[in-house]
Amino acid sequence: MIIKTATFVKSSGKWQDCPEAIIPEYAFIGRSNVGKSSLINAMMNHKDLAKTSQTPGKTQLINHFLVNEQWYLTDLPGYGYAKVSKSIRKDFEKLITNYILNRRNLVNLFVLVDSRHKPQTIDMEFIQWCGESGVPFSIVFTKADKLKPNAAIKNVEDYKTELHKTWEDLPEIYVTSAEKKEGCEEILHFIEKTNDFLVQNNINFDE
Ligand code: GTP
Ligand code: MG
């Protein structure tokens, strides 16, 4: 997909405040600091469309970006940020789950996991919740440049093994690096194909 335009639309503190749900939407979620905002910038070929930071907890609101005047790309706050109080963490979780369960134009959720780590409980629990809640999602491994290729492949395989304990069919899996712009084309291709499918099947959200 060629990115002709990518513009920031708004930040929302609750799902009811998000832009009108009338075009297809794709959202990025994952642990705080996993690289959601960086990958959005890499995909959009833009240095700082989404704000990034070395300190976890940078994205605290739901951020909507309009791409090619056709679809939304959404940057969500990270889950599992340890350095805030339990009650604030609960508020974040509520914001995220309410958004996911109520956003009727959400076509696919990209769940980002750090390719350097073995399957983490918090990520597995979130993925489990997505499956049980019937949320369409894909898994995106981030920061692949920080690992030797074989180590990244091994960690992806470990994830698959873990997921197969519960699920027969696995979601689409992407291995990415925002630093090296790896895997961005593949994700954009998936979004393009999905948008085409929606058009061909007359699935729209504007009523
Ligand atoms: P929150 O908004 O706090 O939830 O974080 P986030 O998931 O949006 O992460 P963000 O994109 O802000 O990146 C966190 C840190 O990881 C930053 O210092 C980035 O530069 C770094 N980072 C992100 N993606 C990559 C990558 O592909 N490779 C490398 N080497 N570093 C990355
Ligand atoms: Mg962020």
Side-chain angles (χ1 to χ4, degrees), residues 3 6-15 18 25-67 72-86 88-100 108-117 119-127 129-130 137-153 155-156 159 173-188:
I3 305 300
T7 51
F8 169 71
V9 181
K10 75 178 285 200
S11 300
S12 314
K14 52 179 193 266
W15 72 271
C18 289
E25 181 157 327
Y26 300 83
F28 277 26
I29 186 78
R31 211 147 21 109
S32 201
N33 211 43
V34 71
K36 300 175 289 296
S37 303
S38 300
L39 194 57
I40 286 177
N41 288 337
M43 279 168 54
M44 296 295 110
N45 246 322
H46 206 296
K47 266 181 104 148
D48 50 9
L49 186 67
K51 299 282 170 267
T52 65
S53 168
Q54 290 180 347
T55 320
K58 174 71 182 173
T59 311
Q60 304 202 343
L61 297 165
I62 302 169
N63 291 297
H64 277 81
F65 303 96
L66 178 64
V67 187
Y72 285 130
L73 184 55
T74 307
D75 191 11
L76 295 169
Y79 54 73
Y81 177 37
K83 287 204 182 124
V84 291
S85 71
K86 240 186 181 167
I88 291 180
R89 223 181 315 159
K90 276 254 165 319
D91 287 347
F92 270 137
E93 276 164 25
K94 234 164 113 190
L95 171 66
I96 293 166
T97 50
N98 277 337
Y99 163 84
I100 294 170
N108 194 65
L109 188 65
F110 292 93
V111 181
L112 276 60
V113 296
D114 195 319
S115 64
R116 292 171 297 175
H117 306 310
Q120 306 278 298
T121 307
I122 188 161
D123 293 320
M124 295 310 291
E125 281 176 0
F126 184 78
I127 289 167
W129 176 82
C130 287
F137 70 98
S138 315
I139 297 179
V140 176
F141 289 88
T142 64
K143 308 189 185 182
D145 59 282
K146 292 202 176 197
L147 274 177
K148 294 213 168 76
N150 281 346
I153 291 167
N155 280 351
V156 172
Y159 250 93
I173 290 176
Y174 301 92
V175 179
T176 69
S177 160
E179 192 77 21
K180 297 250 154 71
K181 295 213 170 168
E182 275 169 23
C184 298
E185 261 314 310
E186 286 78 0
I187 296 175
L188 285 169

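Just follow the structure's listing: the first ligand is 1, and inside any ligand the first atom is 1. Computed over heavy atoms, backbone and side chain alike; hydrogens, waters and symmetry mates excluded. Since the structure is predicted, the reported quantities are computational estimates derived from the model, not experimental observations.
- Ranking protein heavy atoms by distance to atom 9 (O) of ligand 1, first place goes to G35 N, 3.2 Å.
- Considering only heavy atoms from C-beta on, E182 stays 4.5 Å or farther from D145 through its side chain.
- Using a 4.5 Å heavy-atom cutoff, the side chains of M43 and L188 are in contact.
- Of all protein heavy atoms, the one lying nearest to atom 27 (O) of ligand 1 is A178 N, 2.7 Å.
- Between the N41 side chain and the L49 main chain, a donor and an acceptor come within less than 3.5 Å of each other.
- For a threshold of 3.5 Å applied to N or O pairs, the pair formed by P77 and ligand 1 contains no separation below that value.
- If you number the atoms of ligand 1 from 1 as listed, the ones under 4.0 Å from a heavy atom of E179 come out as 26 (C), 27 (O), 28 (N), 29 (C), 30 (N).
- Within the listing of ligand 1, atoms 27 (O) sit less than 4.0 angstrom from a heavy atom of S177.
- For ligand 1, none of its N or O atoms has an N or O atom of T142 under 3.5 Å away.
- Residues N108 and S138 are in side-chain contact: their nearest non-hydrogen atoms beyond the backbone lie under 4.5 Å apart.
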Exercise. Please lay out, stage by stage, how R31 and D123 fare under the test salt bridge (charged side-chain N to carboxylate O under 4.0 Å, His left out).
Key: CA-CA 7 Å; R31 211 147 21 109; D123 293 320; 3.2 Å; yes
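- No donor-acceptor pair closer than 3.5 Å links the side chain of S32 to the backbone N or O of Y79.
- Of all atoms in ligand 1, numbered sequentially from 1 with element shown, those under 4.0 Å from a heavy atom of G78 are 4 (O).
- Using a 4.0 Å cut-off between heavy atoms, D145 contacts ligand 1 through its side chain alone, with no backbone atom that close.
- A heavy-atom distance below 4.5 Å is not found between the side chains of F137 and I29.
- Proximity annotation for atom 22 (N) of ligand 1: of Q54, Q60, K143, K143 comes nearest, heavy atoms only.
- The protein heavy atom nearest to atom 2 (O) of ligand 1 is T59 OG1, 2.7 Å.
- Neighbouring protein atoms of the Mg ion (ligand 2) (N, O or S, distance under 2.8 Å, waters ignored): S37 OG, T59 OG1.
- In terms of protein heavy-atom proximity, atom 12 (O) of ligand 1 is nearest to S53 N, 3.0 Å.
- Remark: ligand 1 atoms within the under-4.0 Å shell around heavy atoms of S37 are 8 (O), 11 (O).
- Annotation for V9 and F65: closest pair CG2-C, 4.2 Å, computed over non-hydrogen atoms.
- Between F141 and the choices Y174, Y159, F110, the ring-ring contact (aromatic ring centres under 6.0 Å, His included) rule is met once, by Y159.
- Shortest contact from atom 10 (P) of ligand 1 to any protein heavy atom: S38 OG, 3.6 Å.
- Here's the thing with L39: none of its N/O atoms is less than 3.5 angstrom from an N/O atom of ligand 1.
- Shown here is K10, whose NZ atom has more than 12 heavy atoms of other residues, nucleotides or ligands within 6.0 Å.
- Residue T176 has no N or O atom closer than 3.5 Å to an N or O atom of ligand 1.
- Between H64 and E25 the shortest side-chain heavy-atom distance falls below 4.5 Å.
- Contact check for F28 versus L76: no side-chain heavy atoms found under the 4.5 Å cut-off.
- A 4.5 Å side-chain heavy-atom check between N45 and I3 finds every atom pair outside the cut-off.
- Closest heavy-atom approach to atom 6 (P) of ligand 1 among the candidates K181, R31, K36, K51: K36.
- Counting heavy atoms from C-beta outward, I187 and L39 have side chains that approach closer than 4.5 Å.
- Distance from atom 5 (O) of ligand 1 to its nearest protein heavy atom, with residue and atom name: N33 N, 3.0 Å.
- Proximity of a side-chain donor or acceptor of K36 to a complementary backbone N or O of G30 within less than 3.5 Å is detected.
- Distances between N or O atoms of K146 and those of ligand 1 include no value under 3.5 Å.
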